[in-house]
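Reviewing the structure listed below.
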Number of protein chains: 2
Amino acid sequence: MLQEIEVNKNYERSADVFKAMGHPARLRMLAALGSGEQCVCELQKLVGLDMSTVSKHLSVLKHAGVVSSRKEGNWAYYRLELECVGRFLTCIERTLSE
Amino acid sequence: MLQEIEVNKNYERSADVFKAMGHPARLRMLAALGSGEQCVCELQKLVGLDMSTVSKHLSVLKHAGVVSSRKEGNWAYYRLELECVGRFLTCIERTLSE
DNA sequence: TGGCTATTTGGCAAAATAGCCAAGCGCCTT
DNA sequence: AAGGCGCTTGGCTATTTTGCCAAATAGCCA
């Protein structure tokens with residue numbers, strides 16, 4: 001069943017959320033964050049990109065409101081803010097595999 | 001509640017879905033398609049962009065598997081394929097408004 | 001056939017994005 | 001204080017995306 005969706009609305013903010021998630025590395029990091037917060041160093045190992053690139057990716061996600069971060073000593077920990085990511089990702093994969 | 005998300009997986013395809021949805025005009029058209037299929041001409045009036053631009057936007061969505069299309073006479077009708085869009089959009093808006 | 005309509009495609013310029021390296025910042029340890 | 005570590009920021013280039021116009025395609029109707 002489809003829900004009621006408003007057409008006459010500003011979709012800028014929501015589009016930013018989608019855009020933020022529209023990158024394989026960012027999506028993989030979000031998947032990892034699904035099981036709890038992670039430091040940048042772990043996420044960097046996961047995606048195998050330059051640390052600075054990872055940092056910028058995370059900043060995109062943070063700006064869009066998908067994740068939040070906290071500092072602890074030298075480390076920065078990122079956490080998922082959008083709790084429905086997993087469900088939607090599952091739905092996408094189910095649809096794609098049809 | 002978060003679902004189990006696999007980390008070691010190819011997120012290229014899913015990322016393409018998000019990327020496709022990551023544009024205000026495309027998101028607005030998807031919102032419209034939430035209440036049933038529409039011809040390109042209607043969607044064009046909705047977003048107010050050049051017809052050719054709208055056509056390209058729709059082709060992005062179709063390529064990603066978010067919508068499908070059928071031809072009938074002069075018209076092309078587009079339909080939503082990803083049924084969870086509405087739910088996710090609602091979740092995003094709820095999260096953004098916190 | 002010819003003209004009209006709806007849509008798609010090609011091509012282009014402007015803007016946005018992704019990746020790296022180098023440099024900077026703040027905290028920690030010595 | 002000095003150096004190391006984790007992370008972020010600045011800057012650059014290469015690539016991708018967006019939007020328009022113009023042209024092509026295809027169906028409908030007189």
Side-chain angles (χ1 to χ4, degrees), chain A residues 10-33 36-81, chain B residues 10-33 36-81:
Chain A
N10 252 23
Y11 283 107
E12 302 283 342
R13 294 284 312 278
S14 302
D16 279 343
V17 173
F18 284 102
K19 203 183 331 182
M21 300 178 66
H23 187 289
R26 292 199 289 261
L27 217 39
R28 168 159 301 165
M29 292 193 286
L30 289 177
L33 293 179
E37 69 173 15
Q38 304 267 343
C39 65
V40 181
C41 48
E42 281 304 320
L43 298 169
Q44 193 250 322
K45 277 184 242 168
L46 179 67
V47 300
L49 293 170
D50 193 275
M51 173 71 99
S52 69
T53 304
V54 172
S55 180
K56 280 175 186 170
H57 278 312
L58 288 168
S59 130
V60 169
L61 287 168
K62 189 176 173 181
H63 236 85
V66 183
V67 302
S68 63
S69 70
R70 69 182 178 89
K71 290 282 276 183
E72 184 176 323
N74 273 336
W75 291 270
Y77 291 95
Y78 281 79
R79 170 156 53 112
L80 200 52
E81 285 294 315
Chain B
N10 251 24
Y11 283 108
E12 302 284 341
R13 293 287 310 281
S14 301
D16 278 343
V17 172
F18 283 103
K19 202 180 337 181
M21 301 177 67
H23 187 288
R26 293 199 288 261
L27 216 39
R28 169 161 299 166
M29 292 193 287
L30 289 177
L33 293 178
E37 68 172 15
Q38 306 266 343
C39 66
V40 182
C41 48
E42 281 304 321
L43 297 169
Q44 192 251 321
K45 276 183 241 165
L46 178 67
V47 300
L49 293 171
D50 192 276
M51 174 69 97
S52 68
T53 304
V54 173
S55 180
K56 281 176 185 169
H57 277 311
L58 288 168
S59 129
V60 169
L61 287 168
K62 188 176 173 182
H63 236 85
V66 183
V67 304
S68 62
S69 70
R70 69 183 178 88
K71 289 284 275 182
E72 182 175 325
N74 273 337
W75 292 269
Y77 291 94
Y78 282 79
R79 170 157 53 112
L80 199 53
E81 285 293 316

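So that the names make sense, note that chain A is the first sequence line, chain B the second, and so on, each numbered from 1.
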Is it true that a side-chain atom of A/D50 and a backbone atom of A/S52 form a donor plus acceptor pair closer than 3.5 Å?
yes
Check against side chain to side chain contact (heavy atoms under 4.5 Å, CB included), A/E42 and A/C39
CA-CA 6 Å; A/E42 281 304 320; A/C39 65; 3.7 Å; yes
Take atom CE of B/M29 and atom P of D/dT18, then tell me their distance rounded to the nearest Å.
11 Å
Verify side chain to side chain contact (heavy atoms under 4.5 Å, CB included) between B/M29 and B/V54, making sure each step is shown before the conclusion.
CA-CA 9 Å; B/M29 292 193 287; B/V54 173; 3.9 Å; yes
Take atom CD of B/Q44 and atom P of C/dT8, then tell me their distance rounded to the nearest Å.
12 Å
Whole angstrom is fine here: how far is it from OH in B/Y77 over to C1' in C/dT7?
13 Å
Starting at atom CZ of B/F18, determine the distance to atom P of D/dT17, rounded to an integer number of angstrom.
17 Å
Under 3.5 Å: donor-acceptor pair, side chain of A/Q44, backbone of A/L49
yes
Note: A/C41 and A/M51 closest approach over all heavy atoms is CA-CE, 4.5 Å
Give the intermediate values and the outcome of side chain to side chain contact (heavy atoms under 4.5 Å, CB included) for residues A/H63 and A/D16.
CA-CA 9 Å; A/H63 236 85; A/D16 279 343; over 6 Å; no
Go through B/R79 and B/L33 one step at a time and tell me if the side chain to side chain contact (heavy atoms under 4.5 Å, CB included) criterion holds.
CA-CA 6 Å; B/R79 170 157 53 112; B/L33 293 178; over 6 Å; no
Is there a donor-acceptor contact under 3.5 Å from the side chain of B/R26 to the main chain of B/L61?
no
Using a 3.5 Å limit on both pairing distances, list the dot-bracket string of DNA chain D from the 5' end; Watson-Crick and G-U wobble pairs count, crossing pairs take [ ], interstrand pairs take |.
||||||||||||||||||||||||||||||
Between P of D/dT16 and NE2 of A/H23, the distance in whole Å:
11 Å
Of all the heavy-atom pairs spanning B/V47 and B/A25, show the shortest one and how long it is.
CG1-O, 3.7 Å
Looking for any heavy atom pair under 4.0 Å, which part of the strands does B/K62 touch: base, sugar-phosphate only, or nothing?
nothing
Collect all protein-nucleotide pairs involving nucleotides 8-15 of chain D in which both atoms are nitrogen or oxygen and the distance is under 3.5 Å.
from	atom 1	to	atom 2	distance (Å)
D/dT8	OP1	A/Y78	OH	2.7
D/dT8	OP2	A/S55	OG	2.7
D/dT8	O5'	A/S55	OG	3.2
D/dG10	O6	A/K56	NZ	3.0
D/dG11	O6	A/K56	NZ	2.4

Picking from D/dT17, D/dA26, C/dC27, the nucleotide nearest the side-chain atoms of A/N74 would be C/dC27
Taking CG from A/L61 and P from D/dC7, how many angstroms apart are they, rounded to a whole number?
16 Å
Round to the nearest Å and state the distance from A/L49 atom CG to C/dC21 atom P.
12 Å
Whole-Å distance separating the NE2 atom of B/H63 from the C1' atom of D/dT16
15 Å
Would you say C/dT17 has OP1 or OP2 under 4.0 Å from some side-chain N or O of A/H57?
no
